Amino acid sequence: MPCVTASMTVSKFQLLVRCGWLQQQRVAAQCCGYSYHHITLDNKWNFSGKRRWNGVESESGCRRWIRSCNTWGRSSRFGDKSDDGRCKGSNVLRTQTRQLEGFVLKPYLDFKHWKTDIDYHKQNIIDRNVIADVEAATQTYDSYLNQKQKIERFRHERNILNKKIGQEKDKTTESFKQLIEQSKQYKESVHQEEKLLGELETAMLSFGWDIPNSTHPDVPRSTNEEDATILKWVGEKKEFPFKPMSHVDMIELHNFANFKTGAMVTGSRFYFLHNKAALLELALVNYAMDFMSKRGYEPVIVPDLVKTSIAEACGFRPRDDSSQTYLLNEKHASGPDAMCLSGTAEVPLAGMWMNHTFLSEDDLPKKYVAFGKAFRCEAGGTGSVTRGLYRVHQFTKVELFSLCKGDLDVSNEIHASILQDEIDFFTSLGLHFKVLDMPTGDLGAPAYRKFDIEAWMPGRGSCGEISSASNCTDYQSRRLNIRYKDANEKTNMFVHTLNGTACAVPRMIVAIMETYQREDGDFDVPQVLLPFMAGSHK
């Protein structure tokens, strides 16, 4: 929530109060300003400077708000801190407004839709287990609209006044001087109200940014991923006449990879692939690109560095405390050009069409299969199930991505098509796996619905996730401003975006090595990959 300084006028402060911002205890925030005073609010809309806000310690409230409203292109702190721990510099609202005005991407959030069914979105936020406040978002939206109307009235009144000034024949009279003075006052009032409008817009978008996508009615309502619905099992579980090894043991026996040198050169959970495993990675990439391109996906090789603003618009939080994103040092890129290492090719593929309007719905859908590297700094827990190649910080990934008409029937159909393409791909590799409809608690903010695929890994003794497929509807397109001209509506509509994992290479290597292992610790290569394997390692 926005912070308010004692330097703000009473009328502005009361307008902020009427937005409902200061009524939420969770957003009690540390004020940033020259006076370093904190504002408290009683039940009669009075205010005074104090060090506590609605009974909550201001500094901890500020940290909590910054975490929950870590939005587009804003850093996770609004400036340096003075010796007493308070932020120094200009007012937080003004800082946010400047960054919004200078930012390359402005989200077009659907406040009208949220207002039509607030109760649904409240429950959806609970089901998703996220921190968001749809009431605050819609209240600030209403205040923003009221403020726009107020400014228009001021401008209208000033135009009438200027017309009177133009009709005055004698420019020396006292009445003429009064009209000139009134015009100046109107101009200054409009200027001040426009500043407040910018502050309201920033807060409105901050609240709205946190609200997750709507949820498909068939998605299980649960915050426990164990409550995922198993849609089907595919393939047969392979039986062995010997005790199957884990891929880690196989790697140590045959020098398929080296984690010690990876840790020495880069850090933990980095690795060198050697010999047959190195060629298997290349074969998997080439086969996945070939397989999916034959299914109508356009092959693309994407940049592995992206602007953080693009990642944020896609639903990732590069600057959040729990983020999995590697950020570039500000020495190399900062401000609107700040960059990070991409966690998935979905991000550059979506960014490829930002601020674009397709001239006809006949230009859609677009289907891409992309090769890229994925980087994730928080790779998950420890233990035997995450050893070796299962959880790593850098890996090769082939991603599916689609843009289509903003119609749920259309995007749901494409979602099912992406899932079937993934199923056919993994079936061709002879894997045994299950298809899951993931519950609300496992959906990222952008996803309307998400299917996961988990393959049986004999050495691991359990299934491990190898793929997912998500329908993000218009969540990303509203933040990236991707539209199309609708033939029926005769207006510009937001596209729907969808993504799926064709091949996350390390997990696929684990599944193939353990499924096709031999008693000596070596493994056979699936028949469909042999034409793509180089050298004698077939």
Side-chain angles (χ1 to χ4, degrees), residues 72-73 103-114 205 208-209 213-214 216 289 292-303 306-307 309-316 336 342 344-372 398-422 444-450 469-502:
W72 68 98
F103 192 66
V104 65
L105 295 175
K106 176 183 174 181
Y108 295 85
L109 306 180
D110 200 352
F111 292 94
K112 291 181 181 179
H113 170 69
W114 296 333
L205 295 177
W209 195 270
N213 202 346
S214 300
H216 191 287
M289 296 292 285
M292 295 302 175
S293 63
K294 288 177 179 176
R295 299 237 168 166
Y297 295 88
E298 179 183 332
V300 183
I301 295 179
V302 299
V306 295
K307 291 183 178 180
S309 57
I310 307 297
E312 287 167 336
C314 289
F316 298 89
S342 178
T344 170
E346 167 195 346
V347 176
L349 286 171
M352 185 168 67
W353 289 106
M354 69 176 181
N355 293 324
H356 180 82
T357 299
F358 293 97
L359 297 180
S360 169
E361 61 185 58
D362 294 334
D363 295 333
L364 299 169
K366 296 287 187 184
K367 296 170 60 179
Y368 301 102
V369 54
F371 164 81
V398 178
E399 183 79 359
L400 304 176
F401 186 80
S402 181
L403 304 97
C404 69
K405 283 178 56 177
D407 183 306
L408 272 177
D409 290 337
V410 174
S411 60
N412 284 335
E413 183 179 344
I414 291 178
H415 193 199
S417 174
I418 290 174
L419 177 63
Q420 190 58 53
D421 289 337
E422 292 175 342
Y448 173 68
R449 191 180 195 181
K450 180 166 77 87
S470 299
N471 183 357
C472 298
T473 64
D474 63 357
Y475 183 96
Q476 295 174 333
S477 62
R478 284 185 171 276
R479 289 157 173 77
L480 290 165
N481 190 26
I482 310 173
R483 312 184 193 218
Y484 69 98
K485 291 188 180 296
D486 187 274
N488 297 321
E489 298 293 336
K490 296 183 179 179
T491 185
N492 292 345
M493 308 288 288
F494 289 99
V495 303
H496 284 187
T497 60
L498 304 96
N499 64 82
T501 306

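Just so we're clear, the structure is a prediction, and the values are computed from it rather than from any experiment.
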query: Would Ile418 and Gln420 satisfy side chain to side chain contact (heavy atoms under 4.5 Å, CB included), going step by step from the backbone distance to the final call?
result: CA-CA 5 Å; Ile418 290 174; Gln420 190 58 53; over 6 Å; no
field: Within 6.0 Å of CD in Glu413, more than 12 heavy atoms from elsewhere
entry: no
- prompt: Do the side chain of Asp421 and the main chain of Met292 share a donor and acceptor less than 3.5 angstrom apart?
  reply: no
If I take atom [atom1] from residue [X] and atom [atom2] from residue [Y], how far apart are they, to the nearest 0.5 angstrom?
X: Asn492; Y: Arg483; atom1: CG; atom2: CZ; value: 6.0 Å
X: Tyr475; Y: Ser477; atom1: OH; atom2: OG; value: 11.5 Å
X: Asp474; Y: Tyr108; atom1: CG; atom2: OH; value: 14.0 Å
X: Trp353; Y: Asn481; atom1: CH2; atom2: CG; value: 13.5 Å
X: Leu498; Y: Gln476; atom1: CG; atom2: CD; value: 9.0 Å
X: His113; Y: Arg478; atom1: NE2; atom2: CZ; value: 9.0 Å

Taking all non-hydrogen atoms of both residues, which atom of [X] and which atom of [Y] are closest, and how far apart?
X: Ser411; Y: His496; result: OG-ND1, 3.0 Å
X: Glu422; Y: Leu400; result: CG-CD1, 4.3 Å
X: Ile482; Y: Phe358; result: CG2-CE1, 4.0 Å
X: Met289; Y: Pro299; result: CE-CB, 3.9 Å
X: Met493; Y: Asp486; result: CG-CB, 3.4 Å
X: Ile310; Y: Gly351; result: CG2-CA, 3.8 Å

All N/O donor-acceptor pairs, side-chain side in residues 401-409, below 3.5 Å, sequence neighbours left out:
unit_1 : atom_1 : unit_2 : atom_2 : d
Ser402 : OG     : Lys366 : O      : 2.9
Asp407 : OD1    : Asp409 : N      : 2.8
Asp407 : OD1    : Val410 : N      : 3.4

Counting C-beta onward and ignoring hydrogens, is there a side-chain heavy-atom pair between [X] and [Y] closer than 4.5 Å?
X: Glu399; Y: Tyr368; answer: no
X: Phe111; Y: Leu205; answer: yes
X: Cys314; Y: Leu480; answer: yes
X: Ser342; Y: Val302; answer: no

